[in-house]
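Single-structure report; data block below.
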Amino acid sequence: MTVRTRIAPSPTGAPHVGTAYMALFNLAFARKHQGQMILRIEDTDQSRSTKESEDAILSSLKWLGLDWDEGPDCGGEFGPYRQSERLEIYKEAIQKLVDAGYAYPCFCTAERLNEVRKKQIENKQTPRYDGHCLNLSKEEIEQKMQAGEPFVYRLKIPTEGSCVFEDELRGEVSIDWSQIDHQIIQKTDGFPTYHLASIVDDHHMKITHVIRGEEWINSTPKHILLYEGLGWAPPSFAHLPLLRNPDKSKLSKRKNPTSIDYYKDAGFIPEAVVNYLGMMGYTLPDQREIFDLEEMSESFDIKRMSLGGPIFDIAKLKWLNGRYLREKLEPKDVLNRLIKWKANPEFLGKILPLALQRLETLSDFFPLAQFLLDDIPNYTTDQLVGKQEALEVAKLLKIAEWEMEKMLNWDRNYLSQLFQKIAEVEELKLKQVLPAFFVAFSGNSISLPLFDSLALLGPDLARTRLRTALEKLSAAGSGLSKKGLKKLEKEYMQKYGNRID
RNA sequence: GUCCCGUUCGUCUAGUCAGGUCAGGACACCGGGUUUUCAUCCCGGCAACAGGGGUUCGAAUCCCCUACGGGACGCCA
């Protein structure tokens with residue numbers, strides 16, 4: 001039997017290093033066993049999935065050199081590789097599950113479900129569907145469906161006993177069925193949820209080994225049950241540890257740059273990033289620390305994974321990147337990388353119009369442009385705060401961070417509108433709002449036009465700079481307190497609308 | 001709250017499966033050397049088996065309990 005693994009990113013945001021991490025290990029495993037890795041797009045959430053995100057994820061993984069054998073871009077024997085194009089297959093599976101008594105329609109409204117959940121939490125129970133629609137008669141179901149009532153399909157969970165499965169890394173895992181919710185497998189919009197779609201696809205795409213994040217352990221019983229209901233043999237499961245923030249929580253963009261694009265923009269080279277990810281939770285048998293995917297694959301043994309969640313340490317990544325630049329690459333290669341990165345006519349050409357009026361000699365150019373080439377510019381907290389109140393500055397920075405997350409398009413126009421809006425809502429003049437941002441983004445109170453610069457800087461570096469500024473304020477004791485942050489968040493939601501993550 | 005998973009230097013980890021070398025390496029940090037500065041490079045140092053109980057001649061390693069950390073509990077994935 002050919003080993004087949006997969007990565008299944010959801011195209012709902014920036015390409016995440018966690019996706020790259022999973023891709024790397026899936027790939028190493030597949031390569032070791034002369035198998036294939038496929039890439040499948042899990043776009044069953046119609047409201048959040050975007051083509052832009054899908055393209056960004058594919059191109060980031062390619063940049064890293066983590067390539068797949070079958071996928072939406074290159075096709076393959078078991079396509080299509082985009083779940084939104086496989087709806088008929090899921091419909092069929094759901095019908096099969098209903099017929100076999102493993103799934104049932106549910107007509108409960110969101111309001112009722114919220115209420116039930118609220119009560120359960122109050123009573124310190126695990127929130128779980130109460131089985132209300134399980135008791136509907138055939139006639140009732142038919143009547144409701146005929147009347148066009150919206151409904152979902154749920155998975156029927158055994159009432160007693162437990163699900164025991166084998167995790168390749170952890171051994172036997174046992175979870176009581178009483179802990180498992182009657183998972184929705186088809187939503188009101190007719191789309192399947194992740195759980196259903198992924199197991200149907202894994203089966204049809206002949207996936208033999210599901211290697212995924214630890215966050216999925218608790219839903220594995222649902223998946224096993226789905227396999228059973230469909231009469232299919234489940235693949236083997238291996239749950240890898242999750243990458244962590246320095247505070248040990250799951251890696252998140254609030255606390256750490258998580259976008260692969262950030263590392264690209266900040267001047268890391270793909271080989272070093274991949275190598276670094278490979279040493280998170282894993283060591284080669286001979287303990288060498290410089291290695292590429294091929295070397296890793298040769299000796300790869302998933303059993304060597306260590307299970308404690310590794311903290312993503314940018315300092316070590318930088319050291320490793322440095323070693324690549326001076327040991328693995330020739331100077332001419334470094335030069336080529338530099339050119340490909342930002343030292344090219346396209347990029348510099350975009351900066352030039354912004355700097356031109358400020359030039360007396362050519363030598364004035366690079367100092368002005370420097371902050372667009374830097375990872376993080378240098379400045380003091382005093383410079384950042386200027387003549388304003390430190391706390392006000394912190395609030396503005398935080399609001400901008402939240403607002404930037406809502407941006408669909410990263411261009412000058414949207415950025416300009418963003419700051420206009422903040423000025424308006426905060427009842428300030430734009431020139432009162434901007435000084436701190438000049439310093440946070442450029443390291444200087446005098447700089448190139450802000451919005452144009454930000455457009456060139458890109459969302460990932462921009463966000464990191466905001467976070468750095470906020471951290472500087474906190475370190476100086478003049479940042480937002482936990483309480484202050486909560487209050488600000490509340491005010492923000494009133495004045496600017498909901499936040500998105 | 002309930003359940004699941006985890007726990008070796010500050011961080012990444014080797015050693016655990018087949019109990020028996022001063023618990024090894026790397027990052028960071030500190031000190032020294034090379035270098036006109038800095039960086040690189042070289043040398044040295046600091047620093048860990050979460051706690052308790054068992055099993056054993058012997059436990060980081062096997063078993064149990066506790067603590068701590070993380071994750072899951074969505075018509076998200």
Side-chain angles (χ1 to χ4, degrees), chain A residues 8-13 16 18-19 40-49 83 106-110 113-114 117 120-129 150-154 162-163 165 167 169-171 173-198 212-222 239-251 276-290 303-320 322-323 325-327 500-501:
Chain A
S10 162
T12 53
H16 198 279
T19 306
R40 181 173 71 226
I41 292 295
E42 310 244 324
D43 56 351
T44 53
D45 186 338
Q46 289 189 86
S47 62
R48 295 202 308 149
S49 299
Q83 293 187 325
C106 167
F107 300 85
C108 291
T109 60
L113 294 173
N114 282 337
R117 191 170 299 137
Q120 285 169 329
I121 290 170
E122 269 169 30
N123 295 331
K124 309 200 166 179
Q125 291 168 307
T126 303
R128 189 169 184 264
Y129 182 62
F151 68 97
V152 300
Y153 279 109
R154 285 180 184 273
S162 58
C163 175
F165 64 92
D167 180 285
L169 302 176
R170 297 154 209 268
V173 176
S174 163
I175 298 173
D176 282 1
W177 286 119
S178 66
Q179 291 299 317
I180 315 280
D181 198 5
H182 285 213
Q183 184 65 48
I184 290 174
I185 55 174
Q186 179 181 302
K187 308 178 244 186
T188 329
D189 65 3
F191 271 55
T193 55
Y194 164 86
H195 302 280
L196 188 277
S198 84
R212 55 170 22 162
E214 194 177 10
E215 53 196 332
W216 294 107
I217 291 180
N218 288 291
S219 12
T220 304
K222 294 169 191 171
H239 292 97
L240 267 35
L242 261 21
L243 262 21
R244 312 275 188 99
N245 297 312
D247 69 359
K248 294 186 193 279
S249 57
K250 173 163 113 171
L251 194 69
Y276 181 67
L277 289 175
M279 55 205 279
M280 302 266 79
Y282 190 73
T283 5
L284 299 227
D286 64 3
Q287 288 207 66
R288 86 187 89 156
E289 44 196 359
I290 304 279
K303 293 263 195 322
R304 288 184 63 80
M305 286 300 302
S306 56
L307 300 179
I311 290 168
F312 195 92
D313 179 13
I314 294 186
K316 190 155 186 178
L317 171 57
K318 279 191 177 169
W319 161 80
L320 194 62
R323 285 195 63 177
L325 293 181
R326 55 184 181 267
E327 288 175 30
I500 53 163
D501 267 311

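Below, read A as the first sequence line, B as the second, and so on, with proteins coming before strands; counting in each chain starts at 1. The figures that follow rest on heavy atoms only: side chains count, while hydrogens, waters and symmetry mates do not.
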Mapping L317(A) and G308(A) to their closest nucleotides on RNA chain B, which lands nearer the 5' end? G308(A)
Between R326(A) and M305(A), name the one whose nearest nucleotide on RNA chain B is closer to the 5' end. M305(A)
What is the separation between atom [atom1] on [X] and atom [atom2] on [N], rounded to the nearest whole Å?
{"X": "Y276(A)", "N": "U13(B)", "atom1": "OH", "atom2": "C1'", "result": "11 Å"}
{"X": "D167(A)", "N": "C17(B)", "atom1": "CG", "atom2": "P", "result": "19 Å"}
{"X": "E327(A)", "N": "U40(B)", "atom1": "CD", "atom2": "C1'", "result": "10 Å"}
{"X": "L243(A)", "N": "G70(B)", "atom1": "CG", "atom2": "P", "result": "16 Å"}
{"X": "L169(A)", "N": "G71(B)", "atom1": "CG", "atom2": "P", "result": "19 Å"}
{"X": "R323(A)", "N": "C41(B)", "atom1": "CZ", "atom2": "P", "result": "8 Å"}
{"X": "D313(A)", "N": "C29(B)", "atom1": "CG", "atom2": "P", "result": "11 Å"}
{"X": "W319(A)", "N": "G25(B)", "atom1": "CH2", "atom2": "C1'", "result": "10 Å"}

[X] [atom1] to [Y] [atom2] distance, which is reported to the nearest 0.5 Å:
{"X": "Q183(A)", "Y": "L196(A)", "atom1": "CD", "atom2": "CG", "value": "9.5 Å"}
{"X": "R244(A)", "Y": "L251(A)", "atom1": "CZ", "atom2": "CG", "value": "10.5 Å"}
{"X": "L284(A)", "Y": "R288(A)", "atom1": "CG", "atom2": "CZ", "value": "5.0 Å"}

According to salt bridge (Lys or Arg N to Asp or Glu O under 4.0 Å), does anything in residues 213-222 of chain A pair up with another residue at least two apart or in another chain? List the pairs. R170(A)-E214(A), E215(A)-K250(A)
Taking only N and O in the side chain of R244(A), is any of them less than 4.0 Å away from OP1 or OP2 of C5(B)? no
Which whole number of Å gives the distance between the [atom1] atom of [N] and that of [M]?
{"N": "G51(B)", "M": "G33(B)", "atom1": "C1'", "answer": "44 Å"}
{"N": "G24(B)", "M": "A47(B)", "atom1": "C1'", "answer": "14 Å"}
{"N": "G71(B)", "M": "C64(B)", "atom1": "C1'", "answer": "24 Å"}
{"N": "C9(B)", "M": "A23(B)", "atom1": "P", "answer": "15 Å"}
{"N": "C17(B)", "M": "A50(B)", "atom1": "P", "answer": "16 Å"}
{"N": "C4(B)", "M": "C22(B)", "atom1": "P", "answer": "40 Å"}
{"N": "A48(B)", "M": "C42(B)", "atom1": "P", "answer": "26 Å"}
{"N": "G53(B)", "M": "A67(B)", "atom1": "C1'", "answer": "14 Å"}

Does [N] have a Watson-Crick or wobble mate here (both distances under 3.5 Å), and if so which one?
{"N": "A14(B)", "answer": "none"}
{"N": "A59(B)", "answer": "none"}
{"N": "A50(B)", "answer": "U66(B)"}
{"N": "U2(B)", "answer": "A72(B)"}
{"N": "C22(B)", "answer": "none"}
{"N": "G44(B)", "answer": "C30(B)"}

Under the ring pair (Phe, Tyr, Trp, His ring centres under 6.0 Å) test, which residues partner [X], sequence neighbours left out?
{"X": "Y129(A)", "answer": "none"}
{"X": "H16(A)", "answer": "none"}
{"X": "F191(A)", "answer": "none"}

Within a reach of under 6.0 Å around NZ of K318(A), are more than 12 heavy atoms found that belong to other residues, nucleotides or ligands? no
May I ask you to say what R212(A) touches in the nucleic acid, namely base, sugar-phosphate or nothing, with a heavy-atom cut-off under 4.0 Å? nothing
Using a 4.0 Å heavy-atom cut-off, does S174(A) contact any base of the nucleic acid, only the sugar-phosphate backbone, or nothing at all? sugar-phosphate
Summarise protein proximity over nucleotides 72-77 of chain B in one line of letters, 5' to 3': B for base, S for sugar-phosphate only, - for none, counting protein heavy atoms closer than 4.0 Å. SSSBBB
Check whether the side chain of E214(A) and the base of G6(B) form a donor-acceptor pair under 3.5 Å. no
Counting only distance, no hydrogens or angles, is the base of A28(B) paired donor-acceptor with the side chain of K316(A) under 3.5 Å? no
Could you work out which one of [options] sits closest to the side chain of [X]?
{"X": "R170(A)", "options": "C4(B), C12(B), C5(B)", "value": "C5(B)"}
{"X": "K248(A)", "options": "G6(B), A28(B), G70(B)", "value": "G70(B)"}
{"X": "I311(A)", "options": "C4(B), U11(B), A14(B)", "value": "U11(B)"}
{"X": "E289(A)", "options": "A14(B), C12(B), A26(B)", "value": "A26(B)"}

Taking side chain to side chain donor-acceptor pair (under 3.5 Å) as the test, write out the residues that go with S219(A), two or more places apart. none
Below 4.5 Å, heavy atoms only, C-beta onward: do V173(A) and T220(A) meet side chain to side chain? no
